[in-house]
Asker: 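Mind having a look at this structure? Questions to follow.
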Amino acid sequence: MTGLQIVLLALILLALVTAARGIRTVPQGQVWTVERFGAFIRLLQPGLNFLIPFVDAVGHKLNVQEVVLDIPEQSVITKDNATVVVDGIVYYRVMDPAKAAYQVQNLQQALNALAMTNIRAVIGEMDLDSTLSSRERINSSLMAILDGATDPWGVKVSRVELRKVEPPENLIRAMNLQMTAERERRATVMRADGDRAAAIQRAEGEKQALVLQAEGRQQAAMRDAEARERLAEAEAKATHMVAEAAAGAGADALRYFIADKYVKAFEALAANPSSKLVVVPMEAAALAGGITQAMELLRHNGTSPPALPPAPPPATPR
């Protein structure tokens, strides 16, 4: 190889190296910084960019997309001295690449340490029940703190999420026992309320039944009274009619009615199958006389009855 060929080969290699150092292609989603003699001068946007070879150099390659940062698991003590295990994630995005590159040395490490410190600070001001039930409030507080703290770095924190908030095993067992007891208490209260409602319904039903029975008895008593009143009116009317008949026919008509009732009563007494012995009263002769007078009364068929012989005068005592 001659000396001319060596020179040409060296020139070709120098041209290739110069082109490689002066032409840079930035991928989409990244922004590169350019340093001239170690000082920041400008940013390289995605696409084809040109640099001054051997004078300008690429400093930092920054991802300007939204990045998810895992927060390592750590133990945190709450306000009431309960220990909980917490981990989470942080969503952030580089808004000013120059600040993110030169205001903080290691962006992800700084964000990680800042998030862990503020998680301990926020949860340390809350008791265990609030920590377990107010996760959304914790997320909002952490996002506000981290967003304000990372603003000088040119970083925007868009979201903070706690993935796990777990108390120790013994506390979990105690909480389960407490929850079981609370559920049993609620079930007992509900059963008691149901029994009380059923008792009230039964009492109301019994009350309605008693009211209906009383109303039924009242209506029955009123109808019995009305029946007795009508019977009394009928008896009074019959008595009045008998009195009017007696006033026209005299004492013989009264004796006729009395004799008729007497005979019917005697027939009923004699027709009773349980009676083995019928006792004829001493007034049988009077009964026969009354029947005779009644027959005489009927024989005249409405005419004035024959005059009875006058009764003998009472004997005067000697």
Side-chain angles (χ1 to χ4, degrees), residues 78-80 82 84 126-140 162 164-249 253-281 283 287 290 294:
T78 61
K79 185 178 180 180
D80 52 354
V84 293
M126 304 172 64
D127 55 13
L128 179 60
D129 293 337
S130 299
T131 302
L132 297 177
S133 60
S134 303
R135 185 173 297 187
E136 186 65 28
R137 195 179 85 185
I138 297 174
N139 295 337
S140 300
L162 295 182
K164 181 173 68 173
V165 180
E166 293 183 357
E169 293 295 331
N170 57 351
L171 189 57
I172 292 176
R173 289 193 295 269
M175 292 172 62
N176 290 332
L177 292 176
Q178 181 181 2
M179 186 180 299
T180 303
E182 180 66 19
R183 289 179 178 176
E184 292 179 352
R185 184 189 67 82
R186 291 180 181 178
T188 302
V189 171
M190 292 179 64
R191 286 196 297 269
D193 292 340
D195 294 340
R196 183 174 62 181
I200 292 175
Q201 290 181 357
R202 287 196 299 270
E204 290 292 334
E206 293 176 356
K207 180 180 178 181
Q208 292 293 333
L210 293 176
V211 170
L212 292 176
Q213 292 177 2
E215 291 178 355
R217 289 194 297 269
Q218 182 182 5
Q219 293 180 1
M222 292 175 62
R223 295 193 177 183
D224 290 341
E226 291 177 357
R228 288 195 299 269
E229 183 179 357
R230 293 180 181 179
L231 181 60
E233 292 177 356
E235 291 179 352
K237 187 175 181 180
T239 304
H240 181 68
M241 293 175 66
V242 170
E244 291 179 353
L254 291 176
R255 283 195 294 270
Y256 167 73
F257 285 113
I258 294 172
D260 183 56
K261 296 292 184 181
Y262 195 91
V263 170
K264 289 182 179 179
F266 188 76
E267 288 179 355
L269 181 63
N272 190 0
S274 62
S275 300
K276 302 298 182 181
L277 178 63
V278 178
V279 178
V280 179
E283 292 81 2
L287 174 62

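Excluded from the calculations below are hydrogen atoms, water molecules and symmetry mates; all remaining heavy atoms, backbone and side chain alike, are included.
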Asker: Does the Asp127 side chain pair with the main chain of Thr78, one donor and one acceptor, at a distance under 3.5 Å?
Answerer: no
Asker: List for me each residue that meets salt bridge (charged side-chain N to carboxylate O under 4.0 Å, His left out) alongside Lys207, sequence neighbours excluded, and say none if there are none.
Answerer: none
Asker: Applying side-chain hydrogen bond (donor to acceptor under 3.5 Å, both in side chains), can you list everything that pairs with Arg228, at least two apart in sequence or on another chain?
Answerer: none
Asker: Going from CD on Glu136 to CG on Leu162, what distance comes out if it is rounded to the nearest 0.5 angstrom?
Answerer: 10.0 Å
Asker: How long is the straight-line distance from NZ of Lys237 back to CZ of Arg230, given to the nearest 0.5 Å?
Answerer: 13.5 Å
Asker: Quick one: pull up OG1 in Thr131 and CZ in Arg137 and give me the separation to the nearest 0.5 Å.
Answerer: 8.5 Å
Asker: Does the distance from a Lys or Arg side-chain N to an Asp or Glu carboxylate O, for Glu182 and Arg186, drop under 4.0 Å?
Answerer: yes
Asker: Atom CD in Gln208, atom CD in Glu206: separation rounded to 0.5 Å?
Answerer: 11.5 Å
Asker: Using atom types as modelled and distance alone, determine if a side-chain donor or acceptor of Ser130 lies under 3.5 Å from a backbone N or O of Ser134.
Answerer: no
Asker: Closest approach of Met126 and Ile138, non-hydrogen atoms and distance?
Answerer: SD-CG1, 3.7 Å
Asker: Could you measure the distance from the CG atom of Leu212 to the CD atom of Gln219? Nearest 0.5 Å is fine.
Answerer: 10.0 Å
Asker: Atom CD in Gln178, atom OG1 in Thr180: separation rounded to 0.5 Å?
Answerer: 10.0 Å
Asker: For Leu128 versus Val84, what's the shortest heavy-atom pair and its separation?
Answerer: CD1-CG1, 3.5 Å
Asker: Hey, does Arg196 have a side-chain heavy atom less than 4.5 Å from the side chain of Asp193?
Answerer: yes
